[in-house]
Amino acid sequence: MPAIMHQAIAEHAGILLIMAEQQATEGPITPRASDYAQWYQDIIAAAELVDQAPVRGCWILRPNGYGIWEAIQRDLDRRFRRLGVQNAYFPLLIPQSFITREAEHVEGFSPELAVVTHAGGDELEEPLVVRPTSETVIWATLRRWIRSHRDLPLLLNQWANVVRWEKRPRAFLRTTEFLWQEGHTAHATPEDARRFALTMLRTYEDFADQVLCLAPIVGEKPAHERFPGAVATFTLEPMMQDGRALQAGTSHDLGANFARAFDVTYQGEDGASHPVYATSWGVSTRTIGGVLMAHGDDRGAIFPPSVAPTQVAIVPVPGRDEASTRAVEAAAAEAQAQLTAAGHRVAVDNRPGLRPGAKFFHWERRGAPLRLEIGPRDVDANQAVAVTRHDGQKRRVPLSGLVPAVADLLGTVRTELSTRARAFREARTKAVEDRAELEAAVTEGYALARWCERKSCAEEIQAVTRATIRCYPFEWRDDRYLPLPDDPGPCAWCGEPATRRVIIGRAY
RNA sequence: CGGGGAGUAGCUCAGCCCGGUAGAGCACCACGUUUGGGACGUGGGGGUCGGAGGUUCAAGUCCUCUCUCCCCGACCA
């Protein structure tokens, strides 16, 4: 719960309001500019997305928060199926010995493992780990499922929870337990695996851009930032409103590393035995944190229409007499019925004892992208006042043509959020040539800098600037990802020869 | 794991220095008047003061120990 100790003075509608200290869910929101971390916590509380759990690092997802995840699931799941991916489910508990099979994998994950040593009243002969990811148990299984080239490609996904013991948890962004999907595929050739990993990256990029409106930078991680056990890791790096990066999804080309560790081979058309090539890819509840940090403002959360728990909030404005009030209520109910039938998530705010203004603020805090006000004057004119959350613009929409008008407005909101995020990121991404420019750039956003590709240099950059190499950025052209053209010159940090530019930024 | 804070009503806090019947604002419940950008009146409910031990006639307050949470850094989807 946020510690709101100040009295916020907010200018609103031309008058100064002094807002008293209040309950977290109803209280003032710390301005983004004065304390970004506190602002983040405040808007989560205001939108009632999570509640505190009894275990540190864990959060309860309240209906609003979980609703966003459900919307993400629906959208991604459709995309996966379109690519021929099938859902399956593998167990939560994994024998500890599995984790140790792939050398880098162990090294990468052992510090974060939760281990079960006792069960059924006895000490276990072999401890079980709570999955931090499922490569090991899946590849132990695929050994039985893959015999012939005809079994490939094998495209699996699972919706699951995983546990990684985190030193410093933050709601959505870094939680001990989190929800995600993890895709795992098996291919006959390294080229097939690479191609699929990139197809998935493109799928994620489209989702992040069109659905979450995050306008991410897309690219490949440098070697030292790869997933433990991968030969290549591809990433989405949207920029948050404080200029920091959030890794919002990854797709890995695992080469034959896991197949080798779990001894998985297939018999080819040539009759010989061949290694199997793998990918894995995931998007987690962390992206919800990204949506909050990318779009929210000082009034609270702003959700892109397709993932908003409530897309349209209808606020009836009572009339002076009972008859007009009843007419307003009827019009609100009718509007809700029509919009719900059209597939929208709609709430009518019928709470008694609250004035319309209080309800306007309420739904703004909760991030509803569109508000419809219906009062006696609107009923007379057969219209509603539509207010878009992200820019506060008011429009009149006809009650007779409400469904197409709302669909149109929600589409406009989506486009504008996406455009706004892209413009923000582009304005705060600077090509830099030397240390001074790099240091300045990462305090505002991303630096596009030549880098010598040495880990030690990256570590020095991080030690001094707190920024990390986010990725080698890609461009989507002619239906495929292309790295930036080589651009030889001195490394922006150490001056040694470099051939490529990377995105450098501070990250969550 | 290092460095800082903080634990008293659902929330934000006061009370502690100087021990003496548990407080405020907001929230919540009821009724009434209101209602186009955060309404008001009247009445009401709500607490083993994070936990354990100690000092004392008496502990929210003093002493000792302990637990938890938050913020800042190193590890991470």
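So that the names make sense, note that chain A is the first sequence line, chain B the second, and so on, each numbered from 1. Just so it is clear, the values below take in all heavy atoms, side chains as well, and ignore hydrogens, waters and symmetry mates.
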Review point. If the P atom of B:G46 is compared with that of B:C1, how far apart are they to the nearest Å?
Key: 42 Å
Point to revise | Base-pairing mate for B:U61 - Watson-Crick or G-U, with both contacts under 3.5 Å | key: none
Practice item. Compare the minimum distances between each of B:G36, B:C72, B:C76 and the side chain of A:Pro356, then state the nucleotide with the smallest one. Key: B:G36
Check your understanding: To the nearest angstrom, how far is A:Glu177 atom CD from B:A77 atom P?
Key -> 18 Å
Exercise for review: Give a yes/no verdict on base stacking between B:G37 and A:Phe361: centres under 5.5 Å, planes within less than 30° of parallel.
Suggested key: no
**Study point:** Separation between the C1' atoms of B:G19 and B:C62, rounded to whole Å
**Key:** 8 Å
Check your understanding: Do NZ/NE/NH1/NH2 and the carboxylate oxygens of A:Arg326 and A:Glu329 come within less than 4.0 Å?
Key -> no
Review point. Rounded to whole angstroms, how far apart are CZ on A:Arg168 and C1' on B:C75?
Key: 11 Å
Practice item. Tell which nucleotide pairs with B:G45, taking only Watson-Crick or G-U wobble pairs whose two distances are both under 3.5 angstrom. Key: none
Practice item. Would you mind pulling out the nucleotide paired to B:G19, Watson-Crick or G-U wobble, both distances under 3.5 Å? Key: none
Point to revise | Proximal nucleotide (of B:C75, B:G37, B:U35) relative to the A:Arg371 side chain | key: B:G37
Check your understanding: Expressed in angstrom and rounded to an integer, what is the separation of A:Glu107 atom CD from B:C75 atom C1'?
Key -> 13 Å
Review point. With a 4.0 Å cut-off, would you call A:Arg174 and A:Glu166 a salt bridge?
Key: no
Point to revise | Atom C1', compared across B:U8 and B:U12: separation rounded to whole Å | key: 12 Å
**Study point:** A:Arg466 side chain, from C-beta outward: closest of B:C70, B:G73, B:U35
**Key:** B:G73
Review point. RNA chain B: A:Trp180 or A:Ile374, which has the more 5' nearest nucleotide?
Key: A:Ile374
Practice item. Determine the interplanar angle of the A:Tyr36 and A:Trp39 rings, folded into 0 to 90°, and report it as parallel if under 30°, tilted if 30 to 60°, perpendicular if over 60°. Key: tilted
Point to revise | Under-4.0 Å side-chain N/O to phosphate OP1/OP2 contact, A:Gln462 with B:C75 | key: yes
Practice item. Can you tell me, in whole Å, how much space there is between the P of B:U48 and that of B:C72? Key: 31 Å
Review point. Is any side-chain nitrogen or oxygen of A:Gln38 closer than 4.0 Å to OP1 or OP2 of B:C70?
Key: no
Check your understanding: Separation of A:Arg170 atom CZ from B:A74 atom C1', in whole Å?
Key -> 16 Å
Practice item. Using a strict 4.0 Å threshold on nitrogen-to-oxygen distance, state whether A:Asp297 and A:Arg389 make a salt bridge. Key: yes
**Study point:** Selection from B:G36, B:A39, B:A74 that lies nearest to any side-chain heavy atom of A:Arg377
**Key:** B:G36
Practice item. Could you tell me the separation between the CZ atom of A:Arg365 and the C1' atom of B:G38, rounded to a whole number of Å? Key: 10 Å
Point to revise | Residues A:Asp75 and A:Arg78 bridged, charged N to O under 4.0 Å | key: yes
Point to revise | A:Val385, nearest nucleotide to its side chain (from B:A39, B:A77, B:G36) | key: B:G36
Point to revise | Letter per nucleotide, 5' to 3', of nucleotides 28-34 of chain B [B base touched, S only sugar-phosphate touched, - untouched; heavy atoms, 4.0 Å] | key: ------S
Review point. Thinking salt bridges, do A:Asp253 and A:Arg194 make one under a 4.0 Å N-O criterion?
Key: yes
Point to revise | Residue matched to B:A74 through Watson-Crick or wobble contacts both under 3.5 angstrom | key: none
Practice item. State which residue, out of A:Arg506, A:Arg470, A:Arg425, fulfils the salt bridge (Lys or Arg N to Asp or Glu O under 4.0 Å) condition with A:Glu237. Key: A:Arg470
Review point. From the list B:C72, B:C76, B:G37, which nucleotide is the closest neighbour of the side chain of A:Ala37?
Key: B:C72
Practice item. Give the nucleotide from the list B:G36, B:A39, B:C71 with an atom nearest to the side chain of A:Glu373. Key: B:G36
Point to revise | Residue that, paired with A:Trp159, satisfies ring pair (Phe, Tyr, Trp, His ring centres under 6.0 Å) out of A:Phe178, A:Tyr89, A:Trp69 | key: A:Trp69
Check your understanding: Looking at A:Asp206 and A:Arg202, does any basic side-chain N land under 4.0 Å from a carboxylate oxygen?
Key -> no
Practice item. In whole angstrom, give me the gap between the P atoms of B:U61 and B:U56. Key: 16 Å
**Study point:** Whole angstrom value for the distance that separates P of B:A77 from CD of A:Glu237
**Key:** 10 Å
Exercise for review: In plain terms, say whether A:Arg435 and A:Glu460 are close enough for a salt bridge, that is, a side-chain N and a carboxylate O under 4.0 Å apart.
Suggested key: yes
Practice item. Verify whether one side chain among A:His390 and A:Glu416 offers a donor that lies under 3.5 Å from an acceptor in the other. Key: yes
**Study point:** Interatomic distance at P, B:A77 relative to B:G4, whole Å
**Key:** 30 Å
Exercise for review: Using both distances under 3.5 Å as the test, list the Watson-Crick or G-U wobble partner of B:G32, or none.
Suggested key: B:C40
Review point. So does A:Arg164 get a side-chain nitrogen or oxygen closer than 4.0 Å to the phosphate oxygens (OP1/OP2) of B:A77?
Key: no
Check your understanding: Within less than 4.0 Å of OP1 or OP2 of B:A77, is there a side-chain N or O belonging to A:Arg174?
Key -> no
Check your understanding: Within this structure, what is the CD-to-C1' distance between A:Glu112 and B:A77, rounded to whole angstrom?
Key -> 9 Å
Practice item. Mind calculating the distance between CZ (A:Arg506) and C1' (B:C72) to the nearest angstrom? Key: 14 Å
Check your understanding: Among B:G37, B:C75, B:A77, which nucleotide sits nearest the side chain of A:Lys394?
Key -> B:G37
**Study point:** Rounded C1' spacing from B:G15 to B:G25 in Å
**Key:** 15 Å
**Study point:** A:Gln41 side chain, from C-beta outward: closest of B:A77, B:C71, B:G36
**Key:** B:C71
Practice item. Rounded to whole angstrom, note down the P distance from B:U35 over to B:C16. Key: 45 Å
Study note, to complete from the structure: For B:A24, the nucleotide meeting Watson-Crick or G-U wobble distances (both under 3.5 Å) is B:U12
**Study point:** Residue A:Lys167, side-chain heavy atoms: nucleotide from B:C72, B:C75, B:G36 that is nearest
**Key:** B:C75
